[in-house]
Each structure stands twice: as C-alpha cells, then as structure tokens.
2 protein chains.
Amino acid sequence: MGRPPTMRKSATIRDVAREAKVSIAAVSYALNGGGTIGEEVRARVREVAQQLGYRPNRSAQAVRTGKSMTLGLVLPDLNNPYYPALAQSFERAARQAGYTVVLIDTSGHVDEEVQGIRRLEQHGVEGVVWCQTAGPDEVVSSDYSVPIVVIGTPSLSVDNVTTKDYEGGQYLARHLVEMGHTRIGMLTAASVLPSKDDRRLGFIEALAGHATVMWEEKAPFAIDLPERIRAALERRDVSAVMCGNDLIAVGVLRAARQLGIQVPTELSVVGFDDIPWASIVEPELTTVRQPVSEMAAVALTLLLDRIAEPSRAVRHFKVGVELIKRQSVAEAPVSWGWRKIGRS
Amino acid sequence: MGRPPTMRKSATIRDVAREAKVSIAAVSYALNGGGTIGEEVRARVREVAQQLGYRPNRSAQAVRTGKSMTLGLVLPDLNNPYYPALAQSFERAARQAGYTVVLIDTSGHVDEEVQGIRRLEQHGVEGVVWCQTAGPDEVVSSDYSVPIVVIGTPSLSVDNVTTKDYEGGQYLARHLVEMGHTRIGMLTAASVLPSKDDRRLGFIEALAGHATVMWEEKAPFAIDLPERIRAALERRDVSAVMCGNDLIAVGVLRAARQLGIQVPTELSVVGFDDIPWASIVEPELTTVRQPVSEMAAVALTLLLDRIAEPSRAVRHFKVGVELIKRQSVAEAPVSWGWRKIGRS
DNA sequence: ATCGCCACATTAAACGTTTCACTAATTGAC
DNA sequence: GTCAATTAGTGAAACGTTTAATGTGGCGAT
C-alpha cells in the first residue's frame, strides 16, 4: 500500500513550445486560433500538446485576459430541499457554457452572503448568481465589482429571476374553492422575502367571496411546528390549510398525523414549491411547482448576457408556476358535525 | 429602473502602492507580513488598502505562488439526498480553512467524473474530493496532477474515507434478531460500489443462525421499485426487509402502503444512510446513520495534509456508524397466520 | 537587382502578484 | 569619526498566459 500516486507536474506552454521547437506565441496561436500559423506547425503543436497532456493554466489566462471562466453561486442552505436542484442545473448549464462554478453555502447565516460575494469577487469570478435570503434592495446596492443576478428577490436595480408567486397563490385558492372549501387556515412563511407576501396576496384575493380564512399564523422554516400552530390545527375549524411552502406543509402533515386528523378527508393541505419531499410524503402533497431548473438556466442566461454587455438594461424575469394536484386535497366534508368536537 | 449598478474596477496592489506612496513590494509585505516594514508604513498601507477596498487577486497569486486556495468537489448527484449535507459541510470547513470550493455535479453521468477532475486540474485547484460512483481503483489510477481524496470507495492507492458498512450491516441484523424476526428479505443496492457488499455481508453474517434470508433482490437507485420486488413484497413471506439504502427503504414504505401492507406491524423495514428523508416519511425509518458531515471534515483534513506533504503515506479512514431506531421496526408478529394469504 | 508584399513566425510587453537580492539610512560600538 | 550591523524600503524577476508589434524570409512583379 502506501505510496501516493505519481503526480506529474502539468506541462506548461513553454514545455510544448520547446518540444515542438517553436515560440510560445506560436503555441498559443496554434491552439487558440488567431495569429497566422501554418498548417504544419499548427498540426505539430497540437500533436505535442496532446501528447504532453498540456492544459492551459486558467489562473494565468485569468490574469492576462481578465476572464476567469468562473461563476459564483451563493446559496443559503443546500440542506433546504429547494436548492440542490437549482445548484445542479446551474452548475450543469454553466459547465456546458464553458464556465466552472464556485459554490458558497452560507448555511443560513445571512451575514455570510455578502462576505461570500466578496470572496467570490476576490477569486475573480466573472459573475455571481445569488439566492438572496436577506432583505431586498439595500443589501444589493453596495456596489460589487462583478455582475450579479438575484434569484427569488424582485429587486428593481439588479437582474433577477423570480416566480409568479401571486399566480401560484391564486391557483391554490381556486383549487380549494373548486373543491368546496369555505373555511381555510393560512400558515405563512416567516421570512423577509417578498415572495411569501405575493403568494399570500394571490391566495387571499382569489379566495375573496368564495371562502374565508379563519386564521393565519407565521410558521418558522422547519418541519416541527410551534405549539401555537398545533393548537390552531386542533381547533378543527377549517377544512383546508394553505402553507407558505412545502416544508411547512410537510410539518402540517406530520402534526395532523400526531393529532389524529385525517388528511385529506378531514383536512386538505396545500404547499408551495414542489420540493422533492412533496411527492414522497404520505399523502403526496398538492402544491405549486416552481420550475427550479428553468430558473437556474434563466439566471445563467441573464448573467452571461450581462457579462457580455455590462451596461445593458436591467432585466426582471418572472417564470411561470404550475399547480400540481396530488393527494393532500379532497372535497370539503359537507357536514361539519365533527367540528363540534373542537368548538365549544 | 434600468441602469445596472455601478461596477468599480477593483483596486490592484499598484493602486494601493501609489496611494500610499510606497513600492508595490512594501504593500505586499505590509499586508501579508514578511519582509521588514516599519509600523507607520504598515499602518498607512493597511489604511489605504482598506479604504480602497483592495483585495488581492487570487488568480495572480495563484500564478505566482502556485497555490490557488481552491479545492474541487466532484459529486454524482446533488439531488440524491445523501450529498447536500456532505457538500455543505465540506464547503463550510474548506472555507474556514481559507479555501474556496469548486463544484462539479455529474448528474449521474459516470464518465463525466474523470472529465470533471481534468477540468478542476486545469482550473488549478489544489486538491479534489471525489465521491466516486465509478468502479474502484483502475479509474483513479490514471495519474492526476492534483491530490485526490476519495469518499466512499476503499481504494488502496488513494487517500480515502469510508464508513464502517460491515458494522452497520451487523447492527441492523442484530436489531432485527432482537426484535424476533426470523424470516427476512433483502434489497441490495444495484451499484458497483463495494460499500453495498460490506453492508450485505455484515448483515448476513450477523444474522447467521438466528434468522434466514428468504429472498434477495437488486434494487435500482430510485424510489419506484420494479415489479419484481413488489411481487416479492406481496408474497408476505418475511417479517422484515433490509434495504441497501434509505432510498430503497422509502420505496418499500411506499410500495407497502400501496399493497396494503402495514409497516411496521406486518412488515418491519430498515434502511441505511439516514438521509433526511428517513425522518420525514411515515413511519420514520429505522436506519444506520452515516456521519456525513464528519466524513466531509475528515476528507478535508486528509486532503489538506496531503497538499502540505504530497509524499506522505496513503491513509484510509473508516468512520463509525450508528444505529438509529425509529418507527419502521416492530416486534415480529408471533403468529404467521396471515402468511397463508400470500402463500398458496 | 530591387522593391513590395505576403505568409509565417518570433519578440516582448503586459496582467497582478510574491519574493529575492539589493540599496539607503540609521544606529551603536569602538 | 569610522565601520559594521541592523532596519526599512525598493527594484526587478518570475509565474503562465495572450497579443500587439516586429522580424524574417521567399516570391512575383517591376
């Protein structure tokens, strides 16, 4: 056992030049195109480079050209099931475009987000995609030396991609109304992000006249619900609960199970996001899908465009959402007899 | 709306030097320590640097020193719930150590793994952590110009960190035996990784004499189980199923529900890995926990050590695992009366 | 023969750092 | 007051590239 694998120093452009008996410049031109290099030389250089396993040193290229072919991705928390898909698509798309992705995961520490961007700047990334959890605008207004695209926060002054949260809220409301629900509880996400407000607003406005929200509570970002909310559930005065995101909805499912409330027969539950968990819980969650991969792709496009043309007008892209009907919603019970149990 | 945020060119060491009226070298020494720089100058330089928002250009540093302060992480699939935690801890620990992490997610394309490493090499990372899904050794034997630590595959010739899969298998077996199970089904993961064999072996050997495995099937890496396995489940000739990993176990839970088999009263299910899903499914999964974060940390240490001393002896680190008892295992039913339903 | 032109290849500067070798100025000992 | 020793700071090379500017021939036209 024991000996570490051999580790050849990687060949530099000099090595190739020497071996091919031409100048350094010739090698560069031959490999990258540009300049005027004859066919024989070009071929020879290619040959030698190949054989030496020469790969241009990106750092050196970066220093010389200012292009590092590197992009940064700032995420709040990979353990939040919402982000892996985003990270994956982004990395994949970026790689396809020739870029390499540097990852910063702040593990929920909001203050590290800006630090992270600083770090990325220093590393010479050409652009950053930022899934912002901090409050909107002001924090992005500190000027960075690198183009930034924000995902999820609709700031006016920065390129960003957001989802049609308002519409999503509407879809859920309409669906619940169609299913005959008239008394509804709301669990709003406790976050500073405006998306939660849009969802809420869309939901409420689409409900108007057809159903009433009996109560509304703020839920922290975790599956375990605070006692206050369990109590609300236990009152059993609603036939459906709208949750600000799927994580909360999963929490409700679990709480309902513990409280002996049947989902969806006694209580319908809807979420938002369509994270992977939504389809493995029992019952599977009816929710609104955010096209996460698409968002990542759009963010990349926006970013690449801005890198190419730094002074172009700011763009805001709003991607559509989709209602995913699964098993956590049923027709509202016609009789509310069981309600008496909870109500005095 | 419209105008993109101002984007100052970041200050270079020259700018600082000019502004502080000292030489470039002085700035470098003042900031990095080294050289002999007086207190007044040092202070002034610091001041100016701070005020100009100077951050040394990593690429330039990399070119000059050969140290890019960058590490690579090659993952098969972030959507696999096993990896986000790993990625997060690794990035976090690496950042703490001053390194920045470049991510490659091959989305399950095995052939991209080596390509990915090549790309990382080119980018000048100082080391790579590789969660290998390709077969063992031979693929790692092609010599890279950069130190590599493998997670999960116990190759002899490379630093690596693995888990005590064999012991984990034993834990599960003993637990099931304790709970009185004597007829057991096995669902092995269909992969080329040796870890699955160790789990299997540990399980089987610890079972010896106390219980018999009635059948064993290979399960693909997905929650939806193939018909063959559903059929096996439907035979109802076992009181417990051991699954090669949690994903499979979740699949079994779901299949059981569909087939009307009660877990854990009729069928006990155990998994392996303790991915986040394990604790949100119903019932919560009894499983063996892999200390993923710890593994990431260990991998980082191994890598950093090797970077510091490239010729040191290869190390293999095996981290311990832990049996997590939850709700998917119950005492084996004493009467097997219901078995007749399934059996002719 | 000379000129100009073309195709091809090379020289050298530059990117932002670090760091070695060196100079200038100050100190202390005699 | 001289000299060595110390201290503080500078100049310039080097890292691996790219690329503008400059050379070299050879060849056809004059």
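Note on naming: letters A, B, ... go to the chains in the order of the sequence lines (proteins, then strands), and numbering restarts at 1 for each one.
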Side chain of [X]: nearest nucleotide among [options]?
X: B:Ala26; options: C:dT10, D:dT17, D:dT10; result: D:dT10
X: B:Thr36; options: D:dA8, C:dT11, D:dT17; result: D:dA8
X: A:Ile37; options: C:dA9, D:dT17, C:dG16; result: C:dA9
X: B:Gln61; options: D:dT17, C:dT11, C:dT17; result: C:dT17
X: A:Ala25; options: D:dG11, D:dG16, C:dT11; result: C:dT11
X: A:Ser23; options: D:dT19, C:dG16, C:dT10; result: C:dT10

Original post:
With no angle test and no hydrogens, is the base of C:dA7 tied to the side chain of A:Tyr29 by a donor-acceptor pair under 3.5 Å?
Top reply: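 Answer no: no donor N or O sits under 3.5 Å from an acceptor.
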Subject >> Sidechain N-carboxylate O distance under 4.0 Å for A:Arg315, A:Asp305 >> reply: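 Counted as a salt bridge, because a side-chain N and a carboxylate O are separated by less than 4.0 Å.
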Taking any heavy-atom pair under 4.0 Å as a contact, classify [X]: base, sugar-phosphate, or nothing.
X: A:Thr65; value: sugar-phosphate
X: B:Arg14; value: base
X: B:Arg55; value: sugar-phosphate
X: A:Thr12; value: sugar-phosphate

Between [N] atom [atom2] and [X] atom [atom1], what is the distance in whole Å?
X: A:Lys67; N: C:dA14; atom1: NZ; atom2: P; answer: 21 Å
X: A:Glu121; N: C:dG16; atom1: CD; atom2: P; answer: 16 Å
X: B:Asn32; N: C:dT19; atom1: CG; atom2: C1'; answer: 11 Å
X: A:His123; N: C:dG16; atom1: NE2; atom2: C1'; answer: 15 Å
X: A:Lys21; N: C:dT10; atom1: NZ; atom2: P; answer: 12 Å
X: A:Ile24; N: C:dC8; atom1: CD1; atom2: C1'; answer: 18 Å
X: A:Arg58; N: D:dC15; atom1: CZ; atom2: C1'; answer: 18 Å

Subject >> Residues B:Arg58 and B:Ser68: side-chain donor-acceptor under 3.5 angstrom >> reply: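 On atom types as modelled, these side chains do not qualify, holding no pair under 3.5 Å.
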Original post:
Taking atom CD of A:Gln115 as the centre, does the number of heavy atoms from other residues, nucleotides or ligands within less than 6.0 Å exceed 12?
Top reply: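 Correct, the count exceeds 12.
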Subject >> Main-chain N/O of B:Glu121 paired with B:His123 side-chain donor or acceptor, under 3.5 Å >> reply: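 Between the backbone of B:Glu121 and the side chain of B:His123 there is no qualifying donor-acceptor contact (under 3.5 Å).
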Original post:
Under 3.5 Å, side chain of B:Ser28 to main-chain N/O of B:Ile24, donor-acceptor pair present?
Top reply: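 Checking the backbone N and O of B:Ile24 against the side chain of B:Ser28, no donor-acceptor pair under 3.5 Å is found.
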